[in-house]
Structures are given as C-alpha cells and as structure tokens.
A.B. asks: 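Here you go, one structure.
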Amino acid sequence: VYHYSNVISTCRNAGEWRRALDVHSEMVSAGVAPNQITYNSLISACETGGEWRNALALLGDMRRAGIEADVFTYSALISALEKGGQRERAFEAFEEALREGVRPNVVTFSSLMCACANDGEIDQGLELLAQMKALGVRPNMFTYGALISACEKAGEWERAFELDSQMRREGMDGNDVTYSSLISACEKGGQWKLAFEVFERMQRAGVQPTNVTYNALISACHKGGQARRAFGVFDSMRKAGFTPDEYTFNALISACAASGEWRAALRIYKLMGRSEPPVKPNEVTLNALLDALWAGRQYHKCARIMAGLRDAGHVVG
RNA sequence: UCUAUAAAGUCCCAG
C-alpha cells in the first residue's frame with residue numbers, strides 16, 4: 001500500500017491524474033487494498049486535473065470499501081469541486097462532512113471559500129468566515145486571499161480593501177498572494193492608481209513581489225488604458241531580476257491594443273521569441289495581437305497572421 | 001520525533 005500510495009502521490013505532483021487512476025486499478029488487481037491515504041492522494045490527483053467527477057466517484061469507492069473519509073478527504077474533494085466550478089456540489093460535500101462528524105479545518109473552509117470566490121459570492125464567503133470563527137477555526141492568509149479574490153471577481157474593490165484591513169486587524173500582515181489579489185481587485189475595478197499604491201505598500205512592508213504581482217499590475221495598467229505605465233512596470237520587473245512569462249507578454253500586448261499602439265504590440269510579440277529563455281506565443285497572445293492590429297486597421301497584417309496559423313494547421317475561426 | 005494524502009492570486013475574447 002505504502003509503495004502504491006507513494007507512486008500515486010508522485011503522479012499527482014506531476015499532474016498525471018490518469019496515471020494515478022491506472023496505478024489504482026493496478027494495485028487492486030494485484031490484490032493490494034487501498035487505504036485512506038491512497039484514496040486521499042487519488043482524490044487530490046483528480047483535483048489537480050480538474051476531474052471532479054472522478055473525485056466524487058472515488059469517495060463512493062471509499063465508502064463501499066468501508067474506508068472512513070477524513071478531513072483530508074473532504075478538503076481535497078471540495079477543492080476538486082471548486083476547481084471544476086461546482087460550488088453547489090462543494091457545499092453539498094461540506095454538509096456531508098458535517099453530517100459525518102468530520103470537523104472542517106481552515107483548509108476545508110478556505111477551499112470552500114475559493115468556490116465562492118470563483119462565482120464572486122462575497123456574502124456567502126463571509127458567512128463561512130463567521131461559521132468558521134464560531135467553530136473556533138482561525139482564518140489564515142489563504143482564507144483572506146479567497147475572500148479578497150471573491151471581491152475581485154465581483155468587481156467590488158472597496159470591499160477587497162475592507163477585508164484586507166480586517167485581516168490586518170486580526171494580526172496578519174498579508175503576503176504576496178493577498179497583495180496580488182488586492183492589485184487584481186483594483187484592476188477589475190478600473191483603479192490603476194490604487195493598484196500602484198498597493199504595490200508600493202507591499203514594497204514598504206518588505207513583502208517580495210512575484211511574477212503574478214507584476215502581471216496583475218500590468219493588467220491594471222491595461223484596463224486603465226495606461227500602456228506607458230505598463231511598459232514601466234515591465235522594465236522594473238526585469239530590473240528586479242524577474243523573468244517575464246507568457247502572462248506578462250500577453251498582458252503587455254493587450255495594453256498596447258487598448259491604447260491603439262499596434263506597432264508596440266508587434267514589437268513585444270517579436271521580443272517574446274528573443275527573450276531569454278524564449279516565451280512561446282499562445283492562443284491568447286495571438287488574439288491580443290490580432291486585436292491590436294485590427295484596432296490599428298492593419299487588416300493585411302491580420303490576414304497574414306491568420307494565413308500563417310492556417311498553414312500551421314490551426315483552426316482559425 | 002520521523003511519515004505516502006488537502007487549500008488562495010496574474011494574460012485575449014465571451015459572459
């Protein structure tokens with residue numbers, strides 16, 4: 001069991017949910033009975049693969065095999081449902097855990113709050129916050145990260161700031177994730193100046209930004225129609241020793257498109273391939289680039305790119 | 001004490 005569970009866990013870490021399930025069948029046919037940890041690892045493998053149906057099926061298998069589901073099981077399952085966009089089912093799993101006498105912990109609650117975040121359900125997330133506190137479960141930065149993210153999705157940047165303050169009142173300082181989420185909340189609310197303020201506050205607090213932080217800030221410039229500032233962020237990002245990734249380039253090209261700077265968009269596009277290491281353009285890149293060219297009335301260039309895609313065997317709609 | 005298992009943030013378009 002130990003060995004098989006270990007292998008399943010490795011598949012999970014590699015994002016190979018199908019192989020994890022294969023190993024499961026293999027162990028069963030070899031006469032080795034999976035235990036609770038095996039199942040939890042399997043559910044987790046499905047979680048990372050977005051396979052919520054399989055995750056639910058595994059819980060059924062577990063029951064039939066007479067293996068008890070614990071807080072790890074339910075947390076992984078809720079997370080799998082969350083990643084699959086199944087908020088209702090995630091709540092059902094949560095209620096089932098309560099019925100079964102499994103005590104939810106901060107991971108369980110935070111995962112469920114992520115499901116709320118995906119749908120921009122701030123109030124439902126706040127109800128969970130109250131519920132967890134009533135049960136004596138302490139929120140952490142994952143919890144607040146999820147709540148801030150819910151505000152972001154709902155376009156309620158003011159409430160995102162309120163939650164950030166509440167988090168601080170509870171003695172937490174915020175980390176790269178909560179700051180990046182707050183920047184994204186500003187971005188969605190069209191508050192690019194505030195996004196920069198948050199970024200400065202983050203630096204003053206000594207919290208190290210990540211690529212995600214910079215990408216979120218560039219995106220805030222994009223939404224605010226501030227292409228020049230987006231380039232400024234791009235420069236400081238590189239000066240700070242970060243390696244721009246595909247999100248960075250795509251956000252930059254989008255910023256160019258929004259400001260009608262199709263030449264700059266093309267320049268960035270070319271820069272991707274020359275960057276070290278080279279960054280491959282993806283579908284988003286091309287859509288953003290076509291957007292920029294189209295807005296700049298460069299129809300012949302659009303046509304050329306689309307023809308190139310067709311030649312490369314892509315389906316162009 | 002050691003152990004094989006769980007959670008949050010960033011890109012175009014659409015919504």
Side-chain angles (χ1 to χ4, degrees), chain A residues 1-13 20 34-48 55 69-80 82-83 90 104-118 120 125 139-150 152-153 160 174-185 187-188 195 209-220 222-223 230 233 237 244-258 265 279 281-292 294 317:
Chain A
V1 212
Y2 207 91
H3 166 74
Y4 279 108
S5 303
N6 216 333
V7 174
I8 286 169
S9 177
T10 305
C11 295
R12 182 216 95 104
N13 293 331
N35 65 14
Q36 189 184 58
I37 293 180
T38 319
Y39 275 110
N40 289 351
S41 305
L42 281 165
I43 291 173
S44 173
C46 292
E47 176 219 322
T48 46
D70 68 357
V71 65
F72 281 63
T73 317
Y74 281 107
S75 300
L77 178 64
I78 288 169
S79 187
E82 172 262 308
K83 294 215 168 52
N105 63 19
V106 62
V107 176
T108 323
F109 276 107
S110 302
S111 303
L112 195 51
M113 283 159 138
C114 278
C116 298
N118 291 336
N140 63 16
M141 295 211 234
F142 283 75
T143 317
Y144 279 101
L147 290 170
I148 292 172
S149 190
E152 177 229 309
K153 294 292 188 302
N175 61 12
D176 57 322
V177 175
T178 62
Y179 277 107
S180 301
S181 304
L182 199 52
I183 290 173
S184 283
E187 174 247 302
K188 296 286 191 301
T210 64
N211 266 23
V212 175
T213 318
Y214 283 104
N215 294 344
L217 195 54
I218 291 173
S219 191
H222 159 214
K223 297 293 188 340
V233 175
M237 173 180 186
D245 55 24
E246 56 183 355
Y247 283 65
T248 317
F249 286 110
N250 293 346
L252 259 186
I253 292 173
S254 305
C256 297
V279 178
N282 58 20
E283 194 191 343
V284 174
T285 318
L286 292 166
N287 281 331
L289 182 61
L290 285 169
D291 225 45
W294 190 264

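Scope of the values below: all heavy atoms of this structure, side chains included, with no hydrogens, waters or symmetry mates. So that the names make sense, note that chain A is the first sequence line, chain B the second, and so on, each numbered from 1.
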A.B. asks: How is A/Ser110 classified with respect to the nucleic acid when contacts are heavy atoms under 4.0 Å: base, sugar-phosphate, or nothing?
C.D. replies: base

A.B. asks: Go through the N and O atoms of the side chain of A/Asn140 and the base of B/rA8, and report whether any donor-acceptor pair is under 3.5 Å.
C.D. replies: no

A.B. asks: Rounded to whole Å, please give me the gap between CZ in A/Phe249 and P in B/rU10.
C.D. replies: 20 Å

A.B. asks: Taking donor-acceptor contacts at under 3.5 Å, does the side chain of A/Ser181 reach the base of B/rG9?
C.D. replies: no

A.B. asks: Without decimals, in angstroms, what is the distance between A/His3 NE2 and B/rU3 P?
C.D. replies: 20 Å

A.B. asks: Here's a test for you: under side chain to side chain contact (heavy atoms under 4.5 Å, CB included), which of A/Ile253, A/Val212, A/Ile218 qualifies with A/Thr248?
C.D. replies: A/Ile218

A.B. asks: Quick one: the side chain of A/Thr210 and the base of B/rG9, do they pair up donor-acceptor inside 3.5 Å?
C.D. replies: yes

A.B. asks: Base, sugar-phosphate, or nothing: which does A/Met141 touch, judged by heavy atoms less than 4.0 Å apart?
C.D. replies: base

A.B. asks: Measuring to OP1 and OP2 of B/rU10, would you say a side-chain N or O of A/Lys153 lies under 4.0 angstrom away?
C.D. replies: yes

A.B. asks: Expressed as a whole number of angstroms, how long is the span from A/Asn282:CG to B/rC13:P?
C.D. replies: 14 Å

A.B. asks: Counting any heavy atom closer than 4.0 Å, what does A/Asp176 reach on the DNA or RNA strands: base, sugar-phosphate only, or nothing?
C.D. replies: base

A.B. asks: For A/His222, report the nucleic acid contact type (base, sugar-phosphate, nothing); a contact means any heavy atom under 4.0 Å.
C.D. replies: sugar-phosphate

A.B. asks: Can you name the nearest heavy-atom pair linking A/Ser181 to A/Ile148, along with the distance?
C.D. replies: CB-CG2, 3.7 Å

A.B. asks: Given the rule in the side chain to side chain donor-acceptor pair (under 3.5 Å) test, do A/Thr108 and A/Asn105 qualify, once you have shown the distances and angles that lead to the verdict?
C.D. replies: CA-CA 5 Å; A/Thr108 323; A/Asn105 63 19; 2.9 Å; yes

A.B. asks: Could you give me the CA-CA distance, side-chain angles and deciding distance for A/Glu246 and A/Thr285, then say whether side chain to side chain contact (heavy atoms under 4.5 Å, CB included) is met?
C.D. replies: CA-CA 8 Å; A/Glu246 56 183 355; A/Thr285 318; 5.6 Å; no

A.B. asks: Output yes when at least one side-chain N/O atom of A/Lys223 is less than 4.0 Å from OP1 or OP2 of B/rC12, else no.
C.D. replies: yes

A.B. asks: In whole Å, what is the span from the CG atom of A/Asn287 to the P atom of B/rC12?
C.D. replies: 11 Å

A.B. asks: Ignoring hydrogens, what is the shortest heavy-atom contact between A/Ile78 and A/Ala90? Give both atom names and the distance.
C.D. replies: CG1-O, 3.8 Å

A.B. asks: With sugar-phosphate meaning primed atoms plus P, OP1 and OP2, does A/Asn118 contact a base, only sugar-phosphate, or nothing at under 4.0 Å between heavy atoms?
C.D. replies: nothing

A.B. asks: Rounded to the nearest angstrom, tell me the gap between atom CG in A/Asp291 and atom P in B/rC11.
C.D. replies: 15 Å

A.B. asks: Give every pair of a protein N or O atom and an N or O atom of nucleotides 4-6 of chain B that lie under 3.5 Å apart, one pair per line with the distance.
C.D. replies:
from: B/rA4; atom 1: OP1; to: A/Tyr2; atom 2: OH; distance (Å): 3.3
from: B/rA4; atom 1: N1; to: A/Asn35; atom 2: ND2; distance (Å): 3.4
from: B/rU5; atom 1: O4'; to: A/Ser41; atom 2: OG; distance (Å): 3.1
from: B/rU5; atom 1: O2; to: A/Asn40; atom 2: ND2; distance (Å): 2.6
from: B/rA6; atom 1: OP1; to: A/Arg12; atom 2: NH1; distance (Å): 3.3
from: B/rA6; atom 1: O3'; to: A/Glu47; atom 2: OE1; distance (Å): 3.3
from: B/rA6; atom 1: N1; to: A/Asn105; atom 2: ND2; distance (Å): 2.8
from: B/rA6; atom 1: N3; to: A/Ser75; atom 2: OG; distance (Å): 3.2

A.B. asks: Roughly, in whole Å, what's the span from OH in A/Tyr214 to P in B/rC11?
C.D. replies: 18 Å

A.B. asks: Are A/Thr143 and A/Asn140 close enough that a side-chain donor and a side-chain acceptor fall under 3.5 Å?
C.D. replies: yes

A.B. asks: Counting heavy atoms from C-beta on, name the nucleotide in B/rU10, B/rA8, B/rC12 closest to the side chain of A/Glu152.
C.D. replies: B/rU10

A.B. asks: Do A/Asp70 and A/Thr73 pair up side chain to side chain, a donor and an acceptor below 3.5 Å, judged on atom types alone?
C.D. replies: yes

A.B. asks: Just how far, in rounded Å, is C1' of B/rG9 from OH of A/Tyr179?
C.D. replies: 14 Å

A.B. asks: Side chains of A/Ser79 and A/Glu47: is there a donor and an acceptor less than 3.5 Å apart?
C.D. replies: yes

A.B. asks: In whole angstroms, how far is the P atom of B/rC11 from the CG atom of A/Asn215?
C.D. replies: 9 Å

